[in-house]
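Below, read A as the first sequence line, B as the second, and so on, with proteins coming before strands; counting in each chain starts at 1. All figures in this text were calculated on a predicted structure; none of them were measured in a lab.
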Number of protein chains: 2
Amino acid sequence: MTTDDEDGADRIRAGWRRELPDVPVGPIGVITRIWRLAQLFTADRERTLDRLGLDSSTLDLLSTLRRSGPPYELTSGQIAARSFVSAGAVSQRIARAEAAGLVRRARSGADGRSVAVRLTDEGRRMNEDAVADLLRHEETLLDGLGATEHDELAATLKVLLGQLTRRFDAEDRPPP
Amino acid sequence: MTTDDEDGADRIRAGWRRELPDVPVGPIGVITRIWRLAQLFTADRERTLDRLGLDSSTLDLLSTLRRSGPPYELTSGQIAARSFVSAGAVSQRIARAEAAGLVRRARSGADGRSVAVRLTDEGRRMNEDAVADLLRHEETLLDGLGATEHDELAATLKVLLGQLTRRFDAEDRPPP
DNA sequence: CCGATTTAGTTTAGCGCTAAAGGAGTTGCT
DNA sequence: AGCAACTCCTTTAGCGCTAAACTAAATCGG
């Protein structure tokens, strides 16, 4: 008596349970759904950003600068450290945003190797508009969850994320 | 009195609350963490798959065929419909997997336009090994969650995913 | 049946990313 | 001081993806 409101994850799980009965299918219910939700949130952001003439990597750059507070300036290295992308990607993002007039680059005073990246007024304005739009809209995406459910979800995700982050960090740094 | 075990999402949320107090920062606790978890799961899979000489897009193709059951054969179109990627991407995935000897392509009997893609014995073996490895390992990633917490998480994710899927589907198909 | 339309799959241009190589400035050792 | 080692950033080759152009086969309507 299978329940009828199977989703994609349920179907994948049922497929593996049928075909490879020895394999544990438990993780699918969480991991596959997290992947799929991440995709949906990404696609939804992209639709909004298209309207605003931005893309998600530019938004990430502008937001990192904006969140740092006045004078909205960081070095490339600081941006890379906060962005979870490679230094090369940051360099390209800055070049694109500079061409669009959203940031300006200047050699940093103290250290001739670093580059200070600063938000222009237009970059700041576009970022503030986009962040307000996105977060207000994303709030509605989670409306279907009750307040308690929402908070418990955030809390559980935080626990899991903390555990995995610590675990992977420890694995990367094998015992001396 | 800020709690001290802030994670990245908490820091982003605190930054926006400080800089743009009018913007609702609630969604960050869920959406940002889902993105980050998806990234971690992806990176973890990639490490395992590297060892096995596979990549995640090839795994996805082989798994789709394997889950369909004997004779492990589907048309390109059926694969695309199950894969959440474009038809072009499927075509390229098949070409790579065929070059690696993991699938074989043949014009499909009934309809001269379609292509039947079938798992080779080696493709089937590699897929079964990889799926067993991955799922057994991923089970341990979720070990830190209690059974109840795990089940509640899966259930909440399923609800949210269902709501969003229906909502976006409805938006794509505007009223007639 | 014949031409137009639709459908299945492939090919290609362009995108942003990573990893690795390169260029320029700084630090440290003697 | 002088030179090696290091650091910060940029550049580039290669990858897989998407969107769109394209080829070929099937279907439909007069």
Side-chain angles (χ1 to χ4, degrees), chain A residues 35 38-40 42-47 49-50 53-62 64-65 73-100 102-118 172, chain B residues 35 38-40 42-47 49-50 53-62 64-65 73-100 102-118 172:
Chain A
W35 270 325
Q39 269 184 20
L40 291 181
T42 297
D44 185 67
R45 277 220 158 176
E46 242 139 51
R47 283 191 290 271
L49 290 172
D50 269 356
L54 280 173
D55 60 88
S56 61
S57 32
T58 302
L59 179 77
D60 187 32
L61 169 64
L62 303 184
T64 301
L65 290 166
E73 179 175 300
L74 295 170
T75 66
S76 287
Q78 291 172 319
I79 295 168
R82 292 159 206 228
S83 295
F84 293 112
V85 294
S86 68
V90 170
S91 189
Q92 294 175 34
R93 288 176 176 194
I94 294 168
R96 292 196 296 272
E98 189 171 36
L102 305 174
V103 303
R104 246 191 343 248
R105 226 179 323 201
R107 291 226 97 79
S108 172
D111 184 334
R113 288 166 304 181
S114 2
V115 170
V117 181
R118 184 193 291 238
D172 285 349
Chain B
W35 270 325
Q39 268 184 20
L40 291 181
T42 298
D44 185 67
R45 277 221 157 173
E46 242 139 51
R47 282 191 290 271
L49 290 171
D50 269 357
L54 281 173
D55 61 88
S56 60
S57 33
T58 303
L59 178 76
D60 188 32
L61 170 64
L62 302 185
T64 301
L65 290 167
E73 178 174 299
L74 294 170
T75 66
S76 286
Q78 292 172 319
I79 295 168
R82 292 161 208 232
S83 294
F84 293 112
V85 294
S86 68
V90 170
S91 188
Q92 293 175 33
R93 288 175 175 195
I94 294 168
R96 292 195 296 271
E98 188 172 37
L102 304 175
V103 304
R104 245 191 343 245
R105 224 178 327 201
R107 291 225 97 78
S108 172
D111 184 334
R113 291 166 303 180
S114 3
V115 170
V117 181
R118 183 192 291 239
D172 286 349

Exercise. Can you give one letter per nucleotide of nucleotides 14-23 of chain D, 5' to 3': B if a protein heavy atom sits under 4.0 Å from the base, S if only from the sugar-phosphate, - if neither?
Worked result: --SBB-----
Any N/O pairs under 3.5 Å between the protein and nucleotides 2-4 of chain D? List them or say none.
none

For this session: Please say which of Val117(A), Val85(A), Asp60(A) ends up in a side-chain contact (heavy atoms from CB on, under 4.5 Å) with Val90(A).
Result: Val85(A)
Exercise. Does anything in residues 78-88 of chain B pair up under salt bridge (Lys or Arg N to Asp or Glu O under 4.0 Å), and if so which pairs, sequence neighbours excluded?
Worked result: none
Problem set entry | Polar side-chain contact Arg113(A)-dT7(D) base: donor and acceptor under 3.5 Å | yes
Problem set entry | Sidechain N-carboxylate O distance under 4.0 Å for Arg47(A), Asp50(A) | no
Exercise. Reckon Arg107(A) touches a base, only the sugar-phosphate, or nothing at all at heavy-atom distances under 4.0 Å?
Worked result: nothing
Problem set entry | Ser114(A) side chain, from C-beta outward: closest of dT10(C), dC8(D), dT10(D) | dC8(D)
Exercise. Think Thr75(B) has a side-chain N or O under 4.0 angstrom from the OP1 or OP2 of dA8(C)?
Worked result: no
Seminar exercise, completed: From CG of Asp111(A) across to C1' of dA24(C) the rounded distance in Å is 11 Å
For this session: Measure from the side-chain N and O atoms of Arg104(B) to the backbone N and O of Arg118(B), and report whether any donor-acceptor pair falls under 3.5 Å.
Result: no
Exercise. Looking at CG of Asp44(B) and CG of Leu40(B), how far apart are the two atoms once the value is rounded to the nearest 0.5 Å?
Worked result: 8.5 Å
Problem set entry | Arg93(A) versus Ser83(A), closest heavy-atom pair with distance | NH1-CB, 4.5 Å
Exercise. When we call it a touch if two heavy atoms are under 4.0 Å apart, what does Ser91(A) touch: a base, just sugar-phosphate, or nothing?
Worked result: base
Exercise. To the nearest 0.5 Å, what is the distance between CZ (Arg113(B)) and OG1 (Thr75(B))?
Worked result: 11.0 Å
For this session: For the pair Arg96(B) and Ser57(B), evaluate side-chain contact (heavy atoms from CB on, under 4.5 Å) and give the outcome as yes or no after the intermediate values.
Result: CA-CA 10 Å; Arg96(B) 292 195 296 271; Ser57(B) 33; 3.5 Å; yes
